[in-house]
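Below: the structure, in structure tokens.
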Amino acid sequence: MPRVVDHDERRREIAAATWRAIDELGVDGTTMRAIAERAGCTIGRLNHYFDSREDMLVAALRYAHMRAGVRMLAAIEGRSSSDALRAVLLEALPLDDERYTEWKVWLTFWAQALNTESLRNEHRQRYLEWHQLVSTLVGDAAPSLSKAAVQQATDSLLATVDGLGIHVLMSPAVGAKRQAIRAIEMALATVLG
């Protein structure tokens with residue numbers, strides 16, 4: 001009897017292998033051969049699941065966003081609205097090895113997205129989802145804010161996270177992570193009053 005293959009799981013495995021290759025080699029160094037080696041398959045098998053290298057890059061980006069989203073939703077489970085907001089913002093920062101790697105690869109993808117429409121569209125869609133999550137949490141944590149004020153606060157918090165993430169990623173300073181956490185606390189105090 002033929003073996004049953006979970007095609008969605010195989011695509012996720014290839015996306016994870018693509019992610020590992022990008023982490024190790026950068027986007028430019030991530031070849032089909034490098035992905036196949038990390039996925040434990042042939043280039044032909046990659047072509048069975050994806051039409052192009054670009055499709056694999058988009059899948060890898062989607063995979064990383066999905067993992068981050070799962071972690072964020074787990075981080076808010078059972079927390080009050082302001083604690084949930086704080087947890088999500090901190091979960092978005094590169095404060096451990098896994099998130100540091102994500103940020104490193106995301107920065108690489110951001111540069112590629114400037115010239116690749118499919119990556120740009122993927123970034124745009126995931127950022128909209130991230131914005132919606134934070135906006136909902138801000139509205140829950142500060143119910144007296146107007147809709148416009150919630151959007152402004154959300155934009156400010158997301159910009160803060162983006163800037164802090166880059167700072168932590170690029171900073172050799174030992175205290176950079178602690179500074180980022182303090183900056184989130186200050187941003188939340190400003191937004192929530």
Side-chain angles (χ1 to χ4, degrees), residues 5-75 88-134 158-174 176-177 180-181 184:
V5 176
D6 183 339
H7 295 290
D8 290 335
E9 178 60 28
R10 193 63 183 137
R11 283 185 188 91
R12 282 189 294 275
E13 290 170 2
I14 293 169
T18 304
W19 188 258
R20 287 191 304 276
I22 293 166
D23 177 38
E24 296 168 23
L25 307 169
V27 172
D28 292 336
T30 298
T31 62
M32 297 288 276
R33 179 178 308 282
I35 296 168
E37 287 171 2
R38 283 154 185 82
C41 67
T42 64
I43 293 173
R45 178 59 51 108
L46 296 179
N47 291 328
H48 175 75
Y49 288 101
F50 294 97
D51 292 334
S52 66
R53 176 180 171 274
E54 185 176 315
D55 288 344
M56 281 185 273
L57 294 176
V58 170
L61 182 57
R62 190 171 294 140
Y63 167 79
H65 282 126
M66 180 270 307
R67 286 182 48 178
V70 166
R71 279 196 325 269
M72 286 178 186
L73 292 177
V88 162
L89 297 177
L90 291 176
E91 189 60 43
L93 291 173
L95 301 177
D96 60 26
D97 290 342
E98 180 180 13
R99 291 177 287 167
Y100 183 91
T101 298
E102 284 177 352
W103 269 86
K104 187 173 111 178
V105 177
W106 279 334
L107 282 179
T108 303
F109 271 121
W110 289 344
Q112 291 288 315
L114 293 173
N115 299 313
T116 308
E117 186 176 353
S118 59
L119 287 174
R120 192 169 46 254
N121 290 338
E122 182 64 23
H123 271 296
R124 190 176 298 122
Q125 179 59 40
R126 300 308 154 224
Y127 201 81
L128 286 172
E129 292 169 3
W130 164 232
H131 190 281
Q132 181 58 49
L133 173 62
V134 173
L158 295 184
T160 300
V161 168
D162 288 345
L164 290 171
I166 292 169
H167 174 71
V168 170
L169 191 66
M170 300 298 185
S171 177
V174 174
K177 292 177 183 178
I181 293 168
I184 290 294

Query raised in the report: Who pairs with Tyr127 by side chain to side chain donor-acceptor pair (under 3.5 Å), at least two apart in sequence or on another chain?
Result: Asp162

Requested in this report: Only counting residues at least two apart or in another chain, list the ones meeting side chain to side chain donor-acceptor pair (under 3.5 Å) with Gln125.
Outcome: Glu129

For the residue pair [X] and [Y], what are the closest heavy atoms and their distance?
X      : Y      : value
Ala39  : Ile14  : CB-CG1, 4.3 Å
Ala36  : Thr42  : CB-C, 3.9 Å
Leu119 : Gln112 : CD1-CB, 3.7 Å
Leu25  : Ala34  : CD1-CB, 3.6 Å
Leu114 : Arg120 : O-NH1, 3.1 Å
Leu169 : Pro94  : N-CG, 4.4 Å

**Report entry** Residue pairs fulfilling salt bridge (charged side-chain N to carboxylate O under 4.0 Å, His left out) with at least one residue in residues 23-32, sequence neighbours excluded
**Finding:** Asp23-Lys104, Glu24-Arg38

Query raised in the report: Which residue pairs pass the salt bridge (charged side-chain N to carboxylate O under 4.0 Å, His left out) test with at least one member in residues 51-64, sequence neighbours excluded?
Result: Arg62-Glu122

Rounded distance [0.5 Å steps], [atom1] in [X] versus [atom2] in [Y]:
X      : Y      : atom1 : atom2 : value
Thr160 : Leu89  : OG1   : CG    : 8.5 Å
Glu102 : Asp96  : CD    : CG    : 8.5 Å
Lys177 : Leu164 : NZ    : CG    : 13.5 Å
Tyr100 : Asp97  : OH    : CG    : 9.5 Å

Between [X] and [Y], is any pair of side-chain heavy atoms under 4.5 Å apart?
X      : Y      : value
Val58  : Thr116 : no
Val168 : Leu93  : no
Phe50  : Arg11  : yes
Arg10  : Cys41  : yes
Arg126 : Trp130 : no

**Report entry** side chain to side chain donor-acceptor pair (under 3.5 Å) assessment of Tyr49 paired with Arg45
**Finding:** CA-CA 7 Å; Tyr49 288 101; Arg45 178 59 51 108; 4.7 Å; no

Query raised in the report: Would Leu61 and Thr18 count as a side chain to side chain contact (heavy atoms under 4.5 Å, CB included) if you check the C-alpha gap in whole Å, the side-chain angles of each, and the deciding distance to 0.1 Å?
Result: CA-CA 9 Å; Leu61 182 57; Thr18 304; over 6 Å; no

side-chain contact (heavy atoms from CB on, under 4.5 Å) partners for [X], two or more places apart:
X      : value
Glu91  : Arg71, Met72, Ala75, Arg99
His167 : Ser171, Ala176, Gln179
His48  : His7

Query raised in the report: Which residues pass the salt bridge (charged side-chain N to carboxylate O under 4.0 Å, His left out) test with Arg12, sequence neighbours left out?
Result: Glu9

**Report entry** For Glu117, salt bridge (charged side-chain N to carboxylate O under 4.0 Å, His left out) partners two or more places apart
**Finding:** none

Requested in this report: Carefully, step by step, assess Trp106 and His65 under the rule ring-ring contact (aromatic ring centres under 6.0 Å, His included).
Outcome: CA-CA 9 Å; Trp106 279 334; His65 282 126; 5.4 Å; yes

Requested in this report: Evaluate the ring planes of Phe109 and Trp19, with Trp represented by its six-membered ring, and classify them as parallel (under 30°), tilted (30 to 60°) or perpendicular (over 60°).
Outcome: parallel

Query - Full working for side chain to side chain contact (heavy atoms under 4.5 Å, CB included) between Ile181 and Leu95 - result: CA-CA 9 Å; Ile181 293 168; Leu95 301 177; 4.0 Å; yes

